[in-house]
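Take a look at the structure below.
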Amino acid sequence: QVQLVQSGAEVKKPGASVKVSCKASGHTYTNYNIHWVRQAPGQGLEWMGIIRRSDGLTIYAQSFQGRVTVTGDTATTTVHMELSGLRSEDTAIYYCVNERDHSFYFDEWGQGTPVTVSS
Amino acid sequence: QPAPAQPASVSGSPGQSITISCSGSSSDVGTYDFVSWYQQHPGKAPKLLIYAVSNRPSGISDRFSGSKSGNTASLTISGLQSEDESYFYCTSYTTSRTYVFGTGTKVTVL
C-alpha cells in the first residue's frame, strides 16, 4: 500500500518561499510519478506539476511556471515542492499525489499541507 | 488551460440516479481516454473513484460508473446514498502533457 506523508503546516509572509516535502513508501513497482495539487479555501482542485521518478523529468502547469520547483531525492524517496513569490492567493492545502507510471490517474494522496500566506 | 466545466451542484433523493458532466475540449477530454473522477468529503483528501473513463479501482462500489462522448465525460451515481453527499471532480490529461481538474460538483442527497 503506497503511503505519502507530507511535512507540516507553514505560515509565510508575502514574497517569501515555501518548501513542502512528501515522503513516499510502500511502492511495489519501480516507476511512479509524484504530482502536486493544491486547493484554496472553499475552492476546487488545481494541478501544479509532476516529477517522474524514473528520470527526474518535471512538467509544470503554465500558471505556476517560474514560481514552482519540484525536486526528488531517490535515496530517501522524498519529493519537495518549492513555491516562491508567495501571495495571499497561494493560501491553500497542498497535496502530493501518486501516479503509477503511465497510468494517468492519481491513486494515492498525501494528507495535505496547509500553507497560509499572511502579513 | 481552461478547466473542464462541471455543474456547480447536483441533487437527488436516496435511491435515485444522478449524472455529473465534465465538459472539456479537444485539448483534453476529447483527445485522451485518461479521464478520472475523484470524490472529496469536506476536510479530507480526494479519493479515486473512476480511471480511464470507465474503470473502477478495487473497493469502489459499482454504483459509480463513468463514460465519455466527444469532449464530455460523465459520472453516474446510481442508488444514491446519504454518504454520497460530497464533492466530485473530473480530471484529464492534456495535449500539453499536463493535467487539468474540472470545476467541481457538489452533490446533495435530499
Side-chain angles (χ1 to χ4, degrees), chain A residues 1-6 9 20 22 24 28 32-52 54-55 57-66 68 70 81 92-114, chain B residues 1-9 20 22 24 27-29 31-60 66 68 73 75 86-106:
Chain A
Q1 176 81 358
V2 172
Q3 274 201 315
L4 302 174
V5 179
Q6 300 182 223
V20 180
C22 171
T28 57
Y32 58 89
N33 306 320
I34 297 293
H35 298 251
W36 289 89
V37 174
R38 78 175 185 180
Q39 186 170 37
Q43 303 299 309
L45 301 170
E46 184 176 19
W47 184 84
M48 299 178 67
I50 176 181
I51 185 166
R52 281 198 326 211
S54 59
D55 58 7
L57 173 72
T58 54
I59 300 172
Y60 304 122
Q62 192 168 8
S63 54
F64 294 99
Q65 288 278 1
V68 68
V70 178
M81 185 281 298
I93 296 176
Y94 290 76
Y95 293 101
C96 62
V97 192
N98 183 77
E99 176 213 349
R100 184 167 184 162
D101 203 18
H102 297 303
S103 70
F104 299 96
Y105 59 88
F106 312 135
D107 55 3
E108 297 294 340
W109 294 64
Q111 83 274 21
T113 296
Chain B
Q1 184 82 40
Q6 297 181 227
S9 63
I20 301 168
C22 170
S27 297
D28 40 65
V29 176
T31 293
Y32 299 106
D33 283 341
F34 300 135
V35 175
S36 50
W37 290 88
Y38 302 84
Q39 177 183 35
Q40 186 181 33
H41 286 98
K44 302 288 188 184
K47 174 185 172 184
L48 175 67
L49 283 182
I50 296 285
Y51 66 93
V53 175
S54 59
N55 295 273
R56 279 186 311 276
S58 61
I60 298 299
K68 191 187 92 165
L75 174 72
S86 56
Y87 291 84
F88 293 83
Y89 296 91
C90 64
T91 191
S92 175
Y93 186 63
T94 80
T95 54
S96 301
R97 298 199 300 166
T98 61
Y99 290 77
V100 63
F101 280 95
T103 52
T105 299
K106 181 179 181 180

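In the text below, chain A, chain B and the rest are named by the order of the sequence lines, each starting its count at 1.
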Can you tell me how far OH of B:Y51 sits from CZ of A:R100, rounded to the nearest 0.5 angstrom?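 OH of B:Y51 is found 10.5 Å from CZ of A:R100.
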
Can you tell me how far NZ of B:K44 sits from CD of A:Q111, rounded to the nearest 0.5 angstrom?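 Spacing of CD (A:Q111) from NZ (B:K44) equals 12.0 Å.
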
Toward chain B, the part of [X] with a non-hydrogen atom under 4.5 Å:
X     : result
A:L4  : neither
A:Q43 : backbone
A:V97 : neither
A:L45 : both

Of all of B:Y32, B:F34, B:Y93, which one pairs up most often with chain A through heavy atoms under 4.5 Å apart? B:F34

Sub-4.5 Å side-chain heavy-atom contact between A:F106 and B:P46: no

Heavy-atom contact with chain A under 4.5 Å, split by part of B:Y87: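 It is neither, since no heavy atom gets under 4.5 Å.
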
For A:Y94, enumerate each residue passing the side-chain hydrogen bond (donor to acceptor under 3.5 Å, both in side chains) test, keeping only those at least two apart in sequence or located in another chain. A:R38

Do you know the tightest heavy-atom contact between B:A45 and A:Y95?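 Between these two residues, the closest heavy atoms are CB-CE2, 3.7 Å.
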
More than 12 non-hydrogen atoms from neighbouring residues, nucleotides or ligands closer than 6.0 Å to CD on A:Q65, yes or no? yes

A:Y105, A:W47, A:W109 screened by ring pair (Phe, Tyr, Trp, His ring centres under 6.0 Å) with B:Y38, the one that passes: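 Testing each of A:Y105, A:W47, A:W109 against B:Y38, the sole residue satisfying ring pair (Phe, Tyr, Trp, His ring centres under 6.0 Å) is A:W109.
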
Write out all pairs satisfying side chain to side chain donor-acceptor pair (under 3.5 Å) with one or both partners inside residues 95-104 of chain B, taking only residues at least two apart or from two chains. B:T94-B:T98

